[in-house]
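Okay, so here's the structure we're looking at.
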Amino acid sequence: MEEFSTERLSRLTGMLKRRGIILPAFEIHGGAAGLYDFGPVGGRLRNRVNQTWIDHWQSLGNIVEISCPTITPYSVLEASGHVGEFSDFLIECTECGEASRADHLVEDIHPNADALTKDELAKLIQENNPVCPSCGASIWGQIEAQNLMFNTKIGAGASGRQGFLRPETAQGMFTSFTSIYRHFRERLPFGAIQTGKGYRNEISPRQGMIRLREFNMAELEYFIDPEVEPVHDFSPWSSEVTLIADGHGEVSMTLGQAVDEGVIRHPTVGYFMGWTMDFLISVGINPSGLRFRQHESTEMAHYAQDCWDAEILGSYGWIECVGIAHRGCYDLTAHENATGQRLRAWRTFDEPKVIEIDGWTIDGAKAGPAFRALAGKVKEYVENLPAETKFPHSHNIEGTDLEILPEHVKRVQRTENVNGEWFVPHVVEPAFGIDRIIWHLLDHSYTEIEKSGEDYALLALPEVIAPVDVTVLPLFEKDGMDLLAQEIHKDLCKRKNTFSVYDASGSIGRRYARADEIGVPWCITVDHESLENNTVTLRARDSGEQTRVSIDDLPF
RNA sequence: GCGGAUAUGGUGAAGUGGUUAUCACCUGAGGUUUCCAACCUCAUGUCGUGGGUUCGAUUCCCGCUAUCCGCACCA
């Protein structure tokens with residue numbers, strides 16, 4: 001891999017801007033931090049990376065793609081925990097009025113202050129009275145949660161509902177669970193993917209494409225039965241992978257080994273790590289700049305049981321680009337609790353369970369008039385009494401002494417066949433930051449060489465994601481070479497999934513250089529011979545080799 | 001958000017309190033050229049933004065915005 005340096009980084013970002021791949025957004029208005037455009041070349045690059053991602057996960061065979069709104073009602077994100085967790089806690093000094101981050105004030109006192117809840121922080125500050133870094137006083141006001149989600153209002157005026165732009169695509173998959181479950185004929189495991197924009201109102205966007213306020217995400221929510229031991233084939237990944245494991249440090253082992261030894265805590269998480277690795281390499285990430293790091297239990301997000309980040313080494317160091325989290329039953333349970341809707345799957349037992357029911361219930365005709373408003377409570381109480389209870393039976397409900405007589409109750413004795421049960425599926429979620437991946441594949445593909453004593457830059461992009469598949473170049477724009485080249489160009493553009501560019505300005509060498517710089521894998525050159533025998537030269541980007549092929553046999 | 005640095009054509013740079021701001025590359029037009037940034041002629045295009053000081057500000061001062069580097073946070 002190339003050496004990363006700040007000089008190389010500035011040449012790369014300059015090229016990306018000059019050639020219309022990645023540009024600061026709204027620049028004529030002064031720009032806006034954390035917002036970027038994919039330009040005339042980058043637009044297609046983004047689309048192809050996105051589509052490659054979709055194809056890759058759909059090839060698992062039990063995956064559907066959905067698309068949900070980015071505008072999300074308050075209650076959805078409150079249920080998911082984002083309203084509570086996606087916040088920084090600020091506290092105001094009543095002396096000077098300066099707001100400080102509450103967790104920063106107690107970080108000397110508590111080893112893990114940023115993981116504390118609002119109440120825990122308030123307690124610590126009250127007990128320890130930290131000094132205001134701005135004025136030195138110690139008189140603090142209330143802690144306020146400053147949310148990192150973009151607020152919006154759904155609908156106008158007083159009837160408008162509070163909402164947010166989504167901070168992740170995942171919630172849409174959870175709120176659509178019943179529809180996806182039905183689509184798959186109620187059989188686990190299955191998954192839903194979604195690609196699209198996510199929004200986080202970062203305090204301080206930095207490092208170009210790395211931390212954005214609006215970004216492209218791609219997520220899979222894979223629903224599994226926690227009681228079924230998954231069987232995965234790890235044989236496709238026979239080489240060792242760098243893992244930084246919680247409690248183990250940096251180790252090198254195959255994914256299969258890591259799962260067998262319990263370093264990776266769930267086989268499906270390990271399997272998706274392999275699947276993730278395949279994707280990243282296929283779009284141009286250099287495997288030597290790729291590793292997986294396990295979250296320590298203290299930094300784990302609020303929903304996760306185990307989480308591995310795929311980190312990619314680039315000009316900004318090691319950056320997390322993918323998170324593969326075992327979210328357990330957290331999300332579906334959270335939405336179930338908030339809505340009262342059933343977000344579960346049915347598990348049929350191998351053998352129906354026979355349940356002997358032997359107990360009591362009330363005789364409504366007698367107990368109703370006797371206990372009136374308390375009858376419901378009495379029923380609940382009686383049904384929980386053991387079968388050997390003797391009546392009359394005294395009990396106090398809500399301060400009232402009751403005498404439950406034999407005539408108020410009925411014995412219940414029957415056997416029931418239970419064929420299965422409802423359970424909350426567990427979820428394994430690979431979540432990709434597409435922009436971060438695009439940045440790194442550009443960073444890894446960008447190659448600076450010397451050609452005839454001159455600096456020469458090219459993007460060694462894989463063909464599947466190259467923004468332009470082929471450029472068509474008339475050697476000279478005369479004698480009909482230009483007409484034939486135009487004709488070939490138009491024909492190529494009509495082909496499915498092929499994008500061609502026609503370029504006739506400048507010397508042939510200059511045009512090859514222009515194409516190489518944005519990673520066009522192939523150039524077709526129309527020369528005098530083409531006019532005679534219907535052949536053209538096909539030049540490969542990385543080797544510069546040329547072969548003569550018939551126009552009818554062009555491999556696009 | 002805090003601390004530090006920076007902002008001049010598409011890109012990279014030079015320069016100045018005073019007429020029309022400089023250079024290279026790039027881009028476009030024409031010419032030339034039988035396959036890897038060649039050459040000739042011509043052309044397009046810049047002082048981030050708002051205020052202040054001044055007869056006059058791209059230059060000095062202040063605010064804002066943006067970028068880069070630390071701190072913090074995340075995909």
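Just so you know, these numbers come straight off a predicted model, no measurement behind them. In what follows, chains carry the letters A, B, and so on, assigned in the order in which the sequence lines appear, proteins first and then strands, with residues in each chain numbered from 1.
Below 30°, between 30° and 60°, or above 60°: for A/H426 and A/H326 the angle between ring planes is above 60°, a perpendicular geometry. Ring orientation note: the planes of A/W439 and A/Y316 are tilted relative to one another, at an angle of 30° to 60°. Using cut-offs of 30° and 60° for the angle between ring planes, the A/W57 and A/W53 rings count as tilted. Note: A/W275 and A/H56 have tilted aromatic rings, judged against thresholds of 30 and 60 degrees for the angle between ring planes.
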Can A/E454 and A/Y456 be said to form a side-chain hydrogen bond (donor to acceptor under 3.5 Å, both in side chains), step by step? CA-CA 6 Å; A/E454 244 185 304; A/Y456 195 93; over 6 Å; no
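For A/L531, the CG atom counts as densely surrounded, since its 6.0 Å shell holds more than 12 non-hydrogen atoms of other residues, nucleotides or ligands.
When the P atom of B/A37 is taken as reference, atom CD of A/E450 falls 13 Å away, rounded to whole Å. Atom C1' of nucleotide B/A37 and atom CD of A/E454 are separated by 5 Å, given to the nearest angstrom. Here the P atom of nucleotide B/U49 and the CZ atom of A/F26 are 19 Å apart, to the nearest Å. Atoms CD1 (A/I210) and P (B/U67) sit 14 Å apart, rounded to a whole Å. If you take CG of A/L12 and P of B/C68, they are 13 Å apart, rounded to a whole angstrom. One atom, OH of A/Y199, and another, C1' of B/A75, lie 15 Å apart when rounded to the nearest Å. The interatomic distance linking A/L212 (CG) with B/U67 (P) rounds to 10 Å, in whole Å. The distance between atom CE of A/M15 and atom C1' of B/C26, rounded to the nearest whole Å, is 14 Å.
In this model, the phosphate group of B/A38 is approached by a side-chain N or O of A/S507 to a distance below 4.0 Å at OP1 or OP2. For B/C26, one of the phosphate oxygens OP1 or OP2 lies less than 4.0 angstrom from a side-chain nitrogen or oxygen of A/R510.
Defined by atom type and a distance below 3.5 Å, a donor-acceptor pair is present between the side-chain atoms of A/N533 and A/E529.
Here the separation of B/C62 from B/C26, taken at their C1' atoms, is 37 Å to the nearest Å. Of the P atoms belonging to B/G17 and B/A7, the separation is 16 Å, rounded to the nearest Å. Separation of the P atoms belonging to B/A14 and B/G70 is 23 Å when rounded to the nearest angstrom. On the C1' atoms, B/G48 is 22 Å away from B/C23, given to the nearest whole Å. Look at the C1' atom in both B/G50 and B/U11: the space between them is 28 Å, to the nearest Å. B/G10 and B/C47 have their P atoms separated by 9 Å, given to the nearest Å. For the P atoms, the distance from B/U6 to B/C74 is 32 Å, rounded to whole Å. The gap from the C1' atom of B/U58 to that of B/U20 amounts to 15 Å, rounded to the nearest Å.
A/R46 places no side-chain N or O within donor-acceptor distance of the main-chain N or O of A/I434, the cut-off being under 3.5 Å.
Within 4.0 Å (heavy atoms only), A/R200 reaches at least one base atom of the nucleic acid. Residue-level contact check: A/R19 touches neither bases nor backbone, having no heavy atom under 4.0 Å from any strand. Note on A/G544: a base of the nucleic acid sits closer than 4.0 angstrom, heavy atoms only. Within 4.0 Å (heavy atoms only), A/E202 reaches at least one base atom of the nucleic acid. Among the heavy atoms of the strands lying under 4.0 Å from A/K17 are primed sugar atoms or P, OP1, OP2 only; no base atom is included. Among the atoms of the strands shown, only primed sugar atoms or phosphate atoms (P, OP1, OP2) are found under 4.0 Å from some heavy atom of A/S505. Residue contacts for A/G198: at a heavy-atom cut-off of 4.0 Å it reaches no nucleic acid atom on any strand shown. Base contact: A/Q546 has a heavy atom under 4.0 Å from a base atom. Heavy atoms of A/I319 sit nowhere under 4.0 angstrom from any nucleic acid atom.
Taking a pair to require two hydrogen-bonding distances under 3.5 Å in either a Watson-Crick or a G-U wobble arrangement, B/C39 pairs with B/G31. Nucleotide B/U6 forms a Watson-Crick or G-U wobble pair with B/A66, both donor-acceptor distances falling under 3.5 Å. Pair assignment for B/U11: B/A24, on the basis of Watson-Crick or G-U wobble contacts that are both within less than 3.5 Å. The base-pairing partner of B/G45, taking Watson-Crick or G-U wobble contacts with both distances under 3.5 Å, does not exist among the strands shown. Pair assignment for B/C55: B/G18, on the basis of Watson-Crick or G-U wobble contacts that are both within less than 3.5 Å.
Closest to the side chain of A/Q207, from the set B/C69, B/U11, B/A75, is B/C69. For A/E320, counting side-chain heavy atoms from C-beta on, the closest listed nucleotide (B/C35, B/U67, B/C74) is B/C74. Of the candidate nucleotides B/U11, B/U34, B/C36, B/U34 has the atom nearest to the side chain of A/H528. Out of B/C35, B/G10, B/C68, the shortest distance to the side chain of A/Y36 is found at B/C68. When distances run from any side-chain atom of A/Y316 to the nucleotides B/A66, B/C69, B/A37, the shortest one goes to B/C69. Listed nucleotides B/C73, B/A37, B/C35 differ in distance to A/R211; the shortest reach to its side chain belongs to B/C73.
Using a 4.0 Å cut-off between a side-chain N of Lys or Arg and a carboxylate O of Asp or Glu, A/D503 and A/R510 do not qualify as a salt bridge.
Comparing A/A33 and A/Y456, the nucleotide of RNA chain B nearest to each residue sits closer to the 5' end for A/Y456. Along RNA chain B, the nucleotide closest to A/R511 and the one closest to A/G34 are compared, and the more 5′ of them pairs with A/R511.
Stacking here means ring centres nearer than 5.5 Å and ring planes tilted less than 30 degrees, and by that measure A/F432 does not stack onto B/A75.
A donor N or O paired with an acceptor N or O is found under 3.5 Å between the base of B/C74 and the side-chain atoms of A/R436.
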